[in-house]
Chemist: 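Take this structure first; my questions come after.
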Amino acid sequence: MNPSQNPPVRGNDYRVLRLQEDLTPSLTVSVVIPAYGGQDKLDLVLAGLARQTYPAALTEVVVVDNGSAPPLRLPAVRPERTRLIVCPQPGRANARNAGLAEATGDVIHWLDSDVVLTPGAVEAHMRWHHAAPYLVVTGYIRFTGAQVPAELPADLEEHFEPAEPHTWIVDLVERTDGLTANPQRPFSLHVGGATSVGARLIEAAGPMDDELILGQDTEMGYRLGQAGAVFVPEPRALAYHLGPTMRMRDKLSIDRVSHAFVADRIPAYRWLRSHPSRQWKVPYVTAVVDGTAGYDSVRATVDALLAGTVADLSVLLLGPWDTLDRERRAPLDDPGLDLALVHGHYLHDPKVRLATAEEIDPATPFVLRLPPGWIPGEDTLAGLLDLARDEGLGLVDVLLGESSQGVVAARLERASAFARARMTAADLGDLGDSADLDDVVDAVSGVSWVEGETYGFTTEATPPIGRRGAYRARMEAQAELARLAREADRLRAQVTKWKDEATRWRRTAVELRRDVSTLRRQLAAANRAQQSLRTLLSATMKRALGRRLRG
């Protein structure tokens, strides 16, 4: 199947891709295996690769000996196109990169030297790669505690089961409906044990970061995502890990080391960037501003950006800075005065970079393009980012103004969506102007227009509050909150007092009602006694009167 026959993948919902069950293979795959010692396990891994159903003629295996003593060797049972190279620089990333440099396949399949693939695993990976060129496919690894055999058993399941699943990956896949329900960090699926990646993606993302001690797989997965990757879990690509991983043995210590380094490189890990103002190697947002539009306009826009609630930000000021004449001159008569003022004002600001051409780190998640003179509010950028994240948008167009000359707009671009759009458009053979690319972005991620005024854009510059002003405002707010809390406590106490009094009144009323009932009963009894007395007296008088009349 030609990848262009498949529709664009929106977000990470790879379910739109149609796979060929009766696959006619055409793509080549390079299996890269970094190894340090463990000859017995490596022999089993290569024997497992020799049993793969994917054509041997389309498969090559590159084993990288990362300085083993004694040196590793290739066993007799191995795929036909297997070669062994040596990487003397220690470290998994160095070994992976050495193997990557030797690989020639259309697809790179990372494989650890202690992971044995079941016979159909590579074919299960490659079905996906025949459907689209921008996929990262991860198989399901099960961790076995079975004894390492001298030869690979005929029935892997019978020998290696019972085994434990890769619980973290299984949980991630299940809670995100197979990574299709707009997950925030699908790149976490990129684990080096049994993952395949389109070679074009790796070329765009770059090799593994050899400066990292741990977390190289995740960091590379993040950059693959930035390059436009779709991440696919494939349960049919089953593999057995011979024994537990280092992470399974000591997760907390590994996370502590890994997080210390990946925080600088993965802006999507927001919880690792809790500091309110520090800078990071890769910013979360880069704002691009034309530095030639006049000192006052540029300064109003840039200062507002730097004073906003999004501190994880860099500003790229574009202009012909290399043309500035640094010879003695009359500054007030200099035709390039405003350009010189912008240059001098921001030259030493660590969050501002002056460049003659647009150069943005592709690992930066978002790019804001803002015309000079338009001033965002303090929380404007944060609101736009919330909109893009919550709705999974690849582009937020902000309508700032309209005139007879046209529309003035700002743009918040998601870098990964534009990278995916460029790859999709290239496969369709229809990469036109930027408007055409926006249409592809709409197909793969979504585009929305919003009103600038609604999000706090103005053309009237106001002095930034400043840290001390913000601190004082926060202290005043906290003091007012404490006062209101005390007043609330007082009112609650008063309400409690009133409730107690009301309870006493209710009890008194009940007692009074009981007394009234008793008095009513006593009065009724007295009335009855009085009536009886009257009746008796009347009868007595009648008898006395009768006797008197008879006598």
Side-chain angles (χ1 to χ4, degrees), residues 29-50 59-105 108-117 141 143-144 148-152 190-197 199 202-203 205-221 223-224 239-251 253-258 260-262 265:
V29 56
S30 297
V31 182
V32 176
I33 308 175
Y36 178 74
Q39 182 71 58
D40 56 341
K41 294 181 179 179
L42 176 62
D43 291 350
L44 298 178
V45 171
L46 292 173
L49 286 170
T59 305
E60 71 171 358
V61 179
V62 181
V63 179
V64 185
D65 186 345
N66 199 200
S68 304
L72 295 173
R73 56 171 177 75
L74 293 180
V77 181
R78 64 179 188 266
E80 296 175 8
R81 301 176 62 225
T82 302
R83 61 186 184 276
L84 175 66
I85 65 172
V86 176
C87 173
Q89 289 79 23
R92 192 170 179 227
N94 286 319
R96 285 266 186 85
N97 289 339
L100 179 63
E102 292 286 326
T104 62
I108 306 299
H109 192 306
W110 306 122
L111 188 62
D112 283 350
S113 60
D114 53 3
V115 174
V116 177
L117 297 180
I141 300 178
F143 298 89
T144 177
V148 177
E151 296 182 357
L152 191 65
H190 181 263
V191 294
T195 295
S196 60
V197 186
I202 294 183
E203 183 180 356
M208 284 203 157
D209 190 336
D210 57 13
E211 294 182 357
L212 287 174
I213 300 174
L214 293 170
Q216 303 100 325
D217 290 333
T218 302
E219 190 275 337
M220 186 176 194
R223 284 186 285 113
L224 290 169
Y240 286 100
H241 191 289
L242 305 179
T245 65
M246 182 172 62
R247 183 179 182 83
M248 294 173 70
R249 292 191 298 266
D250 200 357
K251 179 181 183 302
S253 297
I254 288 174
D255 283 347
R256 180 173 180 267
V257 174
S258 174
F261 290 89
V262 299
R265 295 162 168 82

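Note that the structure is a prediction, hence the values are computed from the model and not measured. Numbers here are sequence positions counted from 1.
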Chemist: Within the side chain of Glu60, is there an N or O that forms a donor-acceptor pair under 3.5 Å with the backbone of Ala103?
Modeler: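 Answer holds: no.
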
Chemist: Answer yes or no: does atom CD of Gln39 have more than 12 heavy-atom neighbours from other residues, nucleotides or ligands under 6.0 Å?
Modeler: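 Above 12, so yes.
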
Chemist: Just wondering, do Leu100 and Val32 contact through their side chains at under 4.5 Å, heavy atoms?
Modeler: no

Chemist: Between the main-chain N or O of Glu219 and the side-chain N or O of Arg265, is there a donor-acceptor pair closer than 3.5 Å?
Modeler: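 Not at all, since once roles are kept as given, no pair shorter than 3.5 Å links the two residues.
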
Chemist: Any donor and acceptor pair, going by atom type alone, linking the side chain of His190 with main-chain N or O of Asp217 inside 3.5 Å?
Modeler: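 Looks like yes, one N/O pair under 3.5 Å.
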
Chemist: Checking Asp112 against Arg92 for the side-chain contact (heavy atoms from CB on, under 4.5 Å) test, could you report, in this order, the C-alpha distance in whole Å, the side-chain angles of both residues, the deciding distance, and whether it holds?
Modeler: CA-CA 10 Å; Asp112 283 350; Arg92 192 170 179 227; 3.0 Å; yes

Chemist: Please answer whether the main-chain N or O of Gln216 pairs with a side-chain N or O of Asp209 as donor and acceptor at a distance below 3.5 Å.
Modeler: no

Chemist: Please give me the minimum heavy-atom distance between Ala98 and Val64, naming the atom from each residue.
Modeler: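 Closest approach of Ala98 to Val64, heavy atoms only: CB-CG1, 4.2 Å.
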
Chemist: Less than 4.5 Å apart, side chain to side chain, heavy atoms only: is that true for Leu224 and Ile202?
Modeler: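 A side-chain contact exists here, since the closest heavy-atom pair is under 4.5 Å.
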
Chemist: Enter the distance from Leu72:CG to Leu84:CG here, rounded to the nearest 0.5 Å.
Modeler: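 These two atoms lie 6.5 Å from each other.
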
Chemist: Is there side-chain contact between Ile33 and Leu49, with at least one heavy-atom pair below 4.5 Å?
Modeler: yes

Chemist: Which heavy atom of Leu44 sits nearest to which heavy atom of Leu242, and what is that distance?
Modeler: CD1-CD1, 4.0 Å

Chemist: In Å and rounded to the nearest 0.5 Å, what is the CZ to CG distance from Arg78 to Leu42?
Modeler: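 It comes to 11.0 Å.
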
Chemist: Keeping the roles fixed (side chain from Asn66, backbone from Gln89), state whether a donor-acceptor pair exists under 3.5 Å.
Modeler: yes

Chemist: Quick one: are Val63 and Leu46 in side-chain contact, heavy atoms under 4.5 Å?
Modeler: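 A side-chain contact exists here, since the closest heavy-atom pair is under 4.5 Å.
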
Chemist: Where is the tightest heavy-atom contact between Arg96 and Pro34, given as atom of each residue plus distance?
Modeler: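 Scanning both residues, the minimum pair turns out to be NE-CG, 3.7 Å.
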
Chemist: So which atom in Val116 and which in Gly48 form the shortest heavy-atom distance, rounded to 0.1 Å?
Modeler: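 It is CG1-CA, 4.5 Å.
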
Chemist: Is the side chain of Arg223 donor-acceptor paired with the backbone N or O of Ala205 at a distance under 3.5 Å, no angle test?
Modeler: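 Indeed, once roles are kept as given, a pair shorter than 3.5 Å links the two residues.
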
Chemist: Which atom names give the shortest non-hydrogen contact between Ala35 and Ser68, and what distance separates them?
Modeler: O-OG, 3.9 Å

Chemist: Within the distance-only criterion (no hydrogens, no angle test), does the side chain of Thr82 pair as donor or acceptor with the backbone N or O of Pro79 below 3.5 angstrom?
Modeler: yes

Chemist: Are any non-hydrogen side-chain atoms of Arg73 and Pro75 less than 4.5 angstrom apart?
Modeler: yes

Chemist: Are there over 12 heavy-atom neighbours, none belonging to Arg83, within less than 6.0 Å of that residue's CZ?
Modeler: yes

Chemist: For the residue pair Val77 and Ala50, what are the closest heavy atoms and their distance?
Modeler: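 Smallest heavy-atom distance, with atoms named: CG1-CB, 4.4 Å.
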
Chemist: Please evaluate residues Thr218 and Val262 with respect to the criterion side-chain contact (heavy atoms from CB on, under 4.5 Å), reporting the C-alpha separation (whole Å), side-chain torsions for both, the decisive distance (0.1 Å), and the verdict.
Modeler: CA-CA 8 Å; Thr218 302; Val262 299; 5.7 Å; no

Chemist: Can you check whether Met208's main-chain N or O pairs, donor with acceptor, with Asn97's side chain at less than 3.5 Å?
Modeler: yes

Chemist: Is there a donor-acceptor pair under 3.5 Å between the side chain of Ser196 and the backbone N or O of His109?
Modeler: no

Chemist: Keeping Asp114 on the side-chain end and Lys41 on the backbone end, is there a donor-acceptor pair under 3.5 Å?
Modeler: no

